[in-house]
Structures are given as C-alpha cells and as structure tokens.
Amino acid sequence: MPVRTLRRSGRSLAAAVGAVLVSAITALSTTGALAQTAPSAPAAAQPAETSRLDAVLFAGTLRVGTTGDYKPFTYLNPQTQKFEGMDIDLAEAMGKALGVKVEFVKTSWGTLLPDLLADKYDIAVGGVSVTLERQKKALFSDPLMRDGKTPITRCENKDRFQTVADIDKPGVRLIVNPGGTNEKFARANIRTAQIEVHPDNVTIFDQIVAGKADLMITDAVETRLQQKLHPELCAVHPDQPFDFSEKAFLLPRDVVLKLWVDQWLHQTVATGQYQAVFDRWLK
C-alpha cells in the first residue's frame, strides 16, 4: 500500500475514534455519570446537620432529667411539687445563659440513661456519677466534683464498719437504693452480708435510724449532708472513701452541646457562681 494511502487511512481511523469518544462523553454527561468527578457543590448548598444545642435553642426549652430523690443535688419537694437542690439551681442558671426556659422531667436511677437515649430530655442532672458504662452510650460534662463511696451508719456503730471486710460479714444488713451506682458497688463488693433494696432514696436513711438496716454505702457528699439531717447517723471516713468517682452532667452524644456546657461550667466556676451554689447547699 502506498505511503499516501496509509496516511489517509490513519487520519480516517483517528477521526473515527475521536467521533466515538465525543459521542461517549456526551452520553455520559447526559446521564450524569460524569457528575461524580465534577467539583462538589458549595457547602452552603447542602443542608447543615442540626446539633442538640441547635434543637434546644430552636425549641426555646431545655429539658432536664432528674430523679428528685438525692439531696443535696436534686429533691422533689412534696409540699411545692417543685424540684430543688444544687444541680437544680445550676440547671436553671444554664437555661438562663442559653436564653431558654427549663423543663424538669422526672426519671429514676434505673431509667436515667435509657430515658436520655429515648430523647425524653436533653441533659440529666442530680448528682450523676461518671461511669465507663454510661460513657459507652452517652457523654459527660466536665466533672463538677470528686467523690467516692463510703458508709453511713448509726453513730454507735461507726467504728464497727470501717472497711469493706468489716461490712461483709454474716448478720450485717446493708441497705441500697435500686438501679444506681450504690447498688452496683454493693453487688460488686459484698458477698456475705445481706443486701436489702429500699425503693425510696428519700426515706432510706430513716430505715437506718429505726434500726431496720445497719448501714448504707453511698457517696461521701451525701453522707456528710445526711448526718446533718439525721443526728443519729454518722458518716464513716468521708474524706477517705472506698473508691474514686466524680459527679457530672449526663449528656447525649452531641459534641456541640457538650462543648457549650463545658464552657458554661468553666465560666461559672471562674466567676464564683458555682461556689455560691455549692455553699448554699453543702455548707
């Protein structure tokens, strides 16, 4: 074949291939297949994900879950039917800082986390202990205070229950409230002593005063308050509790809300507002 014919054939083949490619590109553009390689749309054109903080601000209400049975943090006053306590005051101050109203939702220790996960409230307060189990499904604010479990008993028995070994003996009646960290501690550490579950955390200390139970193991901060409310009872080494724990607010898995709450707590401590609330309820 002459060289001129080869050149003509090559040009014809190239033209044919080019035509096929143009047709393919046109078809792909029409069907949107090339849209995957095109630059993405501006972020402003995409709907923004709403945080729990945004939802609270939009609703104009902060829903606060609390048990109402744990002085000095939360207590549902039977006369007024209103919640009161240290964490209640802090929740009210938090709502004021947000510019929203506060709605308290009654819960229990056994349902504290499930109710949060079921979206019954936006935050849980009231002497909530930080635990790794709760942290698996929720978040905590920065700690409000350090604490730990220690006994409270009638004063004549104070020297009798100094250690877990002293308590875990036949004939000892340890009383606990259900569903919280007090019961969890008792179940994990007591093997021999009798564990009695009392459903009402408000009247549970009256059971010890009346001799229906020997002692309770609870948070050191609570033992300090209850020995003031019940002169017959004495806190056992509240400055040296059996374990380490911290109190905080329980939050849903929303980092935006947590960051705001932590910053608010930081400023509340720095301005002395937190100390004023603490002194009102614990001094």
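We count residues from 1, following the sequence as given.
- In the displayed structure, K106 atom NZ is contacted under 6.0 Å by more than 12 heavy atoms of other residues, nucleotides or ligands.
- Counting all heavy atoms, side chain and backbone alike, M86 lies closest to V277 at O-CG1, 3.6 Å.
- Side chain of D262 to main chain of S141: no donor-acceptor pair is present (N/O by atom type, distance under 3.5 Å, no hydrogens or angles).
- When all heavy atoms of P231 and C155 are compared, the pair lying nearest together is O-SG, 3.9 Å.
- No donor-acceptor pair closer than 3.5 Å links the side chain of T111 to the backbone N or O of T107.
- V100 approaches V56 most closely through the heavy-atom pair CG1-O, 4.0 Å.
- Remark: the backbone N or O of S245 is not paired with any side-chain donor or acceptor of D147 at under 3.5 angstrom.
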TODO: Test side chain to side chain contact (heavy atoms under 4.5 Å, CB included) on E92 and F83 and set out the steps.
DONE: CA-CA 11 Å; E92 292 280 11; F83 289 97; over 6 Å; no

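- At a threshold of 4.5 Å between non-hydrogen side-chain atoms, the residues V128 and F249 do not count as touching.
- Between H237 and F242, the ring center distance clears the sub-6.0 Å criterion.
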TODO: Step by step, work out the salt bridge (charged side-chain N to carboxylate O under 4.0 Å, His left out) result for D115 and R63.
DONE: CA-CA 12 Å; D115 284 350; R63 300 170 301 162; over 6 Å; no

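- Between T192 and K169, the closest side-chain pair of non-hydrogen atoms is not below 4.5 Å.
- Linking Ile, Leu, Val, Met, Phe, Trp and Tyr residues whenever their side-chain heavy atoms come within less than 4.5 Å leaves I195 and M216 in two separate clusters.
- The side-chain heavy atoms of D69 and Y75, taken from C-beta on, include no pair separated by under 4.5 Å.
- Side-chain contact between P252 and L116: present, with at least one pair of heavy atoms (C-beta onward) separated by less than 4.5 Å.
- The neighbour count for Q240 CD, taken as heavy atoms of other residues, nucleotides or ligands under 6.0 Å away, does not exceed 12.
- Partner P178 forms a side chain to side chain contact (heavy atoms under 4.5 Å, CB included) with one of V197, D200, N201 and no other, that one being V197.
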- [ ] Dump the intermediate steps for side chain to side chain contact (heavy atoms under 4.5 Å, CB included) on W260 and L98, then the final yes or no.
- [x] CA-CA 9 Å; W260 188 93; L98 279 168; 3.4 Å; yes

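- Under the 4.5 Å side-chain criterion, counting only non-hydrogen atoms from C-beta, D219 is in contact with K247.
- At least one side-chain heavy atom of K149 sits under 4.5 Å from a side-chain heavy atom of T181.
- Connection of I88 to F73 is established within a shared hydrophobic cluster, with ILVMFWY side chains joined at heavy-atom distances below 4.5 Å, either directly or through further cluster members.
- The two atoms that bring A235 and K158 nearest to each other are O-CE, 3.4 Å, heavy atoms only.
- If you take CD on Q135 and CZ on F140, they are separated by 6.0 Å, rounding to the nearest 0.5 Å.
- Residues Y121 and L112 share a closest heavy-atom pair of OH-O, 2.6 Å.
- Just one residue in the list V64, L250, T67 forms a side chain to side chain contact (heavy atoms under 4.5 Å, CB included) with V125, and that residue is V64.
- At distances below 3.5 Å, at least one donor-acceptor pair connects side-chain atoms of R134 with backbone N or O atoms of S129.
- Environment of CZ in F58: sparse, with no more than 12 heavy atoms of neighbouring residues, nucleotides or ligands closer than 6.0 Å.
- With D54 contributing its side chain and T50 its backbone, the two residues share no donor-acceptor pair below 3.5 Å.
- A heavy-atom distance below 4.5 Å is not found between the side chains of V221 and W281.
- Grouping the Ile, Leu, Val, Met, Phe, Trp and Tyr side chains by contacts below 4.5 angstrom, directly or via other members, places F205 apart from L282.
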TODO: Decide side chain to side chain contact (heavy atoms under 4.5 Å, CB included) for T74 and D87; before the verdict, give the C-alpha distance in whole Å, the side-chain angles of both, and the deciding distance to 0.1 Å.
DONE: CA-CA 6 Å; T74 175; D87 280 15; 5.5 Å; no

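- When all heavy atoms of Q273 and A93 are compared, the closest pair comes out as NE2-CB, 3.4 Å.
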Task: From CA spacing to verdict: side chain to side chain contact (heavy atoms under 4.5 Å, CB included), R160, T153 - done: CA-CA 9 Å; R160 179 184 169 193; T153 184; over 6 Å; no

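- Under the 3.5 Å distance criterion, with hydrogens and angles disregarded, no donor-acceptor pair is assigned to the side chains of N182 and W109.
- Both M94 and V256 belong to a single network of hydrophobic side chains, linked directly or stepwise wherever heavy atoms of I, L, V, M, F, W or Y lie under 4.5 Å apart.
- The shortest distance between side-chain heavy atoms of E232 and I208 does not fall below 4.5 Å.
- Side-chain atoms of Y274 come within 3.5 Å of backbone atoms of L144 as a donor-acceptor pair (strictly under, hydrogens ignored).
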